[in-house]
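Okay, so here's the structure we're looking at.
Proteins get letters first, then strands, A, B, ... in listed order; numbering begins at 1 in each.
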Amino acid sequence: MSCYSDILATLNASCRACVDGHFSAAIADPKWAQIIDNIKQETALPTADFKSLFERFAEEIGNDKAPMEAWKHACWQHQRRGATMPASQRPKRLGRALPVDSYAALLVSASQGIEAEESTAATLAAELATTEGRLIPRRLQRLCRAAKVGGQLIWATFHETAAATALDPFSPLPQTFSDITDGLGLGHFRESPVPLVLLTYEADAEGAAPALHRPTVADAADGSYYRPHTDPSHAYGYTLPLSNQQSKKPEIVHESIPGSGLVFPFKVVYPTDSQVAP
Amino acid sequence: MPNDLKHLDALENADQLRPWLQRALQGHEPLALLTPDEPPYFALLRGRGQLKKATREDLDTACGQLVDSFVQTGHGEPEYVDSLLHLASGLKLDSVVIPLQRFARRFADFPQLPADSKRAVLSTLIKLHARLDVQFWKDLYHRHRDELAGSVYSGLFACDPNEALLFLPNIPDVQPMADALSLQLQRYTERLPPEERGAVVRKVQAALPKCSAALKLAIGEWFEEVGISATPVSQTQRQTKAQNAVRLYSSLMKQINPQLQASCSRLAEAP
């Protein structure tokens, strides 16, 4: 792993000028400024990938893209490249928070054509909400297990204490919308508040045992709430809580997997106590 | 903020917006996604409200044009087609109904078209309340059988729920489909007035013996949860059960209150 300045030195002159020019300029947009700061602090992206990421960024800039757009495009080609978590540290259970509507859309995809004028996704979202926190019908459990838990890039958390990695990943957090988004550093959900379903799943279920990667700036892409962990050899990353009420939580990224390891019941949290973005 | 949609207001017309929209729906344009794996149409539908009226109209037009292009060739990755058609239904673009309906009748001319894309087309027609008759859906089933059985059931349901209930034995032995169908049907039934609920349940009970194992399981669980028998109870059976109950009550009353027992005995007699 290398840091920003080391990578910069390995780039050819024109690429270096492009990258350095964009990342050293005064930035008015606080989000873009934060992303650039993250890039400069990154420690988890392998050298070859970091170099390739910058080269791609320069290429996209050459294609007349705006800097943040160019960065996001470049990142897409370099995701899930952080170190794979060693088996000895692999948690038994993972958790992710996602909008109820997005999850309902995944369930509809698994249903192979069952659709209603009022939208099956809406029906399933209502079903998820009404069964929230309780034992849910076996039919819904099976449908959830057949559906995917997310798309190509999934961010997940877990219970960090070695002896407790089989515990509910969300259990260290008070389970309200504010506390979940606070502890997991999900500032974008404060900007667009929607009900969230908290999925918990076994990390090593049959047919659903993905490689767990330490997150990098490329995984975060245009997400400004990511913070690189300072220790390059650490097996996973950490969230940056939105307030000082919560401690940081561990985080990893992985590929899309089916929900065969889902644990029921799951929790739904509502932005009734939503706050403005910090 | 570069990844919101306001930059679209600078474009002059739908022709300028269309290439951007196509790339966005393919996942090649930065959008304000809530999670990195969220499909693009969610962000487009969320962000549309912040656009100028003229840009919103251009977005609608561009979406309709992309649907037109798709139905002419059938080309497009399933994820793109899914996002495009979700956007069209989310925007309530009635203008795409006729092209999609014609396309659906010609599915057989596009042998490379993935089943997911065919289902996305049919799902859009249902969500846009297309006026399709029962025969349209039955013809589709005859041509595509199990591949589109879930969509055909849903289409029939939108036309006439009774036709959909008759179609239940054609649902293939696919558990996620059966589970989703059962949840959907339960929700529908629970919203009916009490006097109509029984009729739906009896039709399902009548169809159940001919249904796939997956559907028997899913419907059986629904019935079990709410205390409905999986087999229809005939009028005679219901009378007999009621008479037995009254007889039992009558014999109990004989021990407790002989005067009341006399009226109970009269009730227990067969009509």
Side-chain angles (χ1 to χ4, degrees), chain A residues 29 31-32 65-69 71-73 76 79 96-99 101-102 105 107-120 123-124 126-127 137-148 150-155 186 188-189 191-192 194 196 219-223 253 256, chain B residues 1-3 7 27-39 41-43 46 79 82 86 89 115-116 118-119 122-129 147-155 157-158 171-172 174-184 186-188 217-219 221-222 225:
Chain A
D29 179 351
K31 289 194 173 185
W32 183 223
K65 291 226 161 54
M68 199 152 141
E69 193 183 337
W71 176 250
K72 189 163 183 178
H73 275 266
W76 287 337
Q79 293 180 325
R96 76 168 303 210
L98 77 165
D101 287 347
S102 296
L107 299 183
V108 171
S109 297
S111 76
Q112 298 185 28
I114 300 302
E115 188 55 87
E117 285 173 319
E118 75 217 48
S119 162
T120 300
T123 299
L124 290 168
E127 191 77 35
R138 282 168 286 173
R139 295 166 285 157
L140 185 54
Q141 289 190 24
R142 281 194 302 266
L143 185 58
C144 293
R145 289 201 163 107
K148 292 182 170 169
Q152 291 305 308
L153 180 70
I154 296 174
W155 288 72
L186 302 173
H188 47 289
F189 286 130
E191 296 167 22
S192 303
V194 290
L196 302 176
D219 297 310
D222 62 346
V253 293
S256 180
Chain B
M1 184 177 165
N3 61 353
H7 62 100
H28 296 159
E29 288 292 341
L31 294 168
L33 301 175
L34 289 180
T35 59
D37 57 331
E38 186 180 50
Y41 69 90
F42 278 103
R46 268 198 307 271
E79 293 80 8
D82 188 66
H86 268 105
S89 60
D116 282 344
K118 290 177 195 165
R119 289 194 281 261
L122 299 173
S123 165
T124 308
L125 287 171
I126 294 167
K127 284 188 283 189
L128 288 173
H129 308 281
E147 183 183 51
L148 298 182
S151 303
V152 168
Y153 166 83
S154 304
F157 204 98
I171 294 295
V174 177
Q175 199 62 61
M177 189 192 295
D179 290 334
L181 187 158
S182 162
L183 289 163
Q184 181 74 34
Q186 180 180 4
R187 281 256 163 188
Y188 164 79
L217 176 67
I219 300 275
E221 285 174 0
W222 160 27
E225 282 162 26

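In summary, A:E191 and B:R46 do not engage in a salt bridge, as defined by a charged side-chain N under 4.0 Å from a carboxylate O.
Partners of B:Y41 under the ring-ring contact (aromatic ring centres under 6.0 Å, His included) rule, at least two apart in sequence or in another chain, are B:H86. The ring-ring contact (aromatic ring centres under 6.0 Å, His included) test applied to B:Y153 returns B:F157, not counting sequence neighbours.
Heavy atoms closer than 4.5 Å to chain B are found in the backbone of A:A97, but not in its side chain. Only the side chain of B:V174 comes within less than 4.5 Å of a heavy atom in chain A; its backbone stays farther off. For A:W32, no part sits under 4.5 Å from any heavy atom of chain B, backbone or side chain. Only the side chain of A:V194 comes within contact range of chain B, with heavy atoms under 4.5 Å apart. Neither the backbone nor the side chain of A:W71 comes within less than 4.5 Å of any heavy atom in chain B. Both the backbone and the side chain of B:E29 come within less than 4.5 Å of a heavy atom of chain A.
Not one N or O on the side chain of A:H188 forms a donor-acceptor pair closer than 3.5 Å with the backbone of B:L33. In this structure, B:Q184 contributes its side chain and B:A180 its backbone to no donor-acceptor pair below 3.5 Å. At least one donor-acceptor pair under 3.5 Å links the side chain of B:S154 to the backbone N or O of A:G113.
Contact tally against chain B (heavy-atom pairs below 4.5 Å) for A:R145, A:R96, A:Q152: the top residue is A:R96. In terms of non-hydrogen atom pairs under 4.5 Å with chain A, the most contact-rich of B:L122, B:D37, B:D116 is B:D37. Ranked by heavy-atom pairs under 4.5 Å with chain B, the first of A:L186, A:I154, A:L153 is A:L153.
The two residues B:I126 and B:A158 come nearest to each other via the heavy atoms CG2-CB, 4.3 Å.
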